[in-house]
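The structure under discussion appears below in the form of structure tokens.
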Amino acid sequence: MSWAISFISVHGDPLAPLGGPHHGGQNVYVKELSSHLGALGLNVDVYSRWESDQQPSSEPYSRGARVIRIPVGPPETIQKESINSFLKDIASWIPTYQVQQGLHYDLAHSHYYFSGAVGVHLKRTWGIPLVHTFHSLGAIKEATLGEEDHSPDTRFRIEQLICQEADRIIATNPQEKEDLRKYYQADPNKITVLPCGVNLKLFQPLPQLESKKEIAFSEDTFLITYVGRLDERKGIKTLLEAVALLDDPSIQVVIVGGPASEKPFLSWSDLSRDPYRPYAELIDKLGINKQITFTGGKPQDQLQKYYSAADVTVVPSYYEPFGLTAIEAMACGSSVIASRVGGLKSSVLENKVGALFEPRSPERLAEKIRIFHDQPAMNAELRRNARPYVVEKFSWKAIAGEIARVYQELIESGESQS
Ligand code: UDP
């Protein structure tokens, strides 16, 4: 296979630092998938909007994969919602660049709905097949978040258009396939369910007690790890309220995420500023200051010790299209308690690697934490199962191979040559 693929990931630069409000799972997915496709012999150009004028306009990062920065809109990170106003310019910049550089693509793969709008334009312009991964669905986000959802009104219509025009949709879990059918009337024959993968080299189990020591927790604490953005919909408040209900000072929580920080732990004065402030206020109100530690955002190659140190990793999201942190935690040998939503419902197998609870319910989460705390032998078994389960189900090498087969089918069948 030696095809040239263009990834359209307008706000998901594969090389962006993670943990802050704007960069998360999509950036990781795009980087890992393109790198693994590159290792299979494909050439992948990822088109992302620039976020600084100091970034190289084109930057290779692994065999066969590079990011091309689109110089449209201000050279800084902007709110996702504002990107819509630059889509037309982005959609015309890419083909102009492609002609100037003499590039040819066999297929386009777009990520997130507004990149999908650009993808539809490129499919029509270049006459090549279009594959799309949604990463998040407007209809479900609205249904689960209500007024907390700030997506523009055009989102649903663009998502419908993508469902009609894309030659294939990669859904990352069976629930997403069902949602696409139900809310967007997408043709199920066009949907292939393939999960996100995990980097099994970066995420490996380290000895638990040494990891606890390394991140300055004592052996006898029951350590809960949370990793992710500090977005409201991630449900950190549910976790804090659950900890308060448990009223047990041996339970400690480490929260990894937020703007990048090199400090091992943030001080209370750091926490008086956004994005930490609302959490710090709640922690104060609940009287659990001694049990909660924030580290700020950390690069992915530093996360292994937080997951490995955990007695359990908690993913308390209100809404979670896939939830990479759950499989990263399991890859490091941690059991997982996650809310029963989206992709977490199928990735966190109950009684094998973890437990599920009703989203937004501190009471139900507290019950689960109590069980894990009081039954160490049961938790130890889940922890033992976690890594082999992830190796079997979420290897990027295997998933990228499946996605390459989807490309092959579309390219060889000459789909979209009209
Ligand atoms: N992440 C990170 N450093 C942090 C916090 C998060 O590298 O401080 C990464 C984490 O490893 C995961 C991604 O950000 O790969 C978050 O993806 P997920 O699917 O869990 O959530 P999203 O951000 O897409 O909502």
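One-based numbering, in listed order, for ligands and for the atoms of each.
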Just the distances, no angles: every ligand 1 N or O to protein N or O pair closer than 3.5 Å, one line each.
unit_1, atom_1, unit_2, atom_2, d
ligand 1, 3 (N), Lys298, O, 2.6
ligand 1, 8 (O), Lys298, N, 2.9
ligand 1, 8 (O), Lys298, O, 3.4
ligand 1, 11 (O), Gln300, NE2, 3.0
ligand 1, 11 (O), Glu328, OE1, 2.7
ligand 1, 11 (O), Glu328, OE2, 3.1
ligand 1, 15 (O), Gln300, NE2, 3.0
ligand 1, 15 (O), Glu328, OE2, 2.5
ligand 1, 17 (O), Gly25, N, 3.2
ligand 1, 19 (O), Leu324, N, 2.9
ligand 1, 20 (O), Leu324, N, 3.3
ligand 1, 20 (O), Thr325, N, 3.3
ligand 1, 21 (O), Lys234, NZ, 2.9
ligand 1, 23 (O), Gly25, N, 3.3
ligand 1, 23 (O), Arg229, NE, 2.8
ligand 1, 24 (O), Gly25, N, 2.7
ligand 1, 25 (O), Arg229, NH2, 2.8
ligand 1, 25 (O), Arg233, NH2, 3.1
ligand 1, 25 (O), Lys234, NZ, 2.8

Mark yes or no: Arg360 above the aromatic ring of Tyr318, with NZ or CZ under 6.0 Å from the six-membered ring centre and no more than 45 degrees from the axis.
yes
Listed by chain and number, what are the ring pair (Phe, Tyr, Trp, His ring centres under 6.0 Å) partners of His373, not counting sequence neighbours?
Phe222
More than 12 heavy atoms of other groups within 6.0 Å of Asp274 CG
yes
Please say which of Lys345, Arg340, Arg233 ends up in a salt bridge (charged side-chain N to carboxylate O under 4.0 Å, His left out) with Glu320.
Arg233
Taken in chain and number order and not counting sequence neighbours, the residues that satisfy salt bridge (Lys or Arg N to Asp or Glu O under 4.0 Å) with Asp247 are none
Would you tabulate the side-chain donor-acceptor contacts of residues 255-262 under 3.5 Å, counting partners in other chains and residues two or more places apart, or write 'none'?
unit_1, atom_1, unit_2, atom_2, d
Ser261, OG, Lys263, N, 3.2

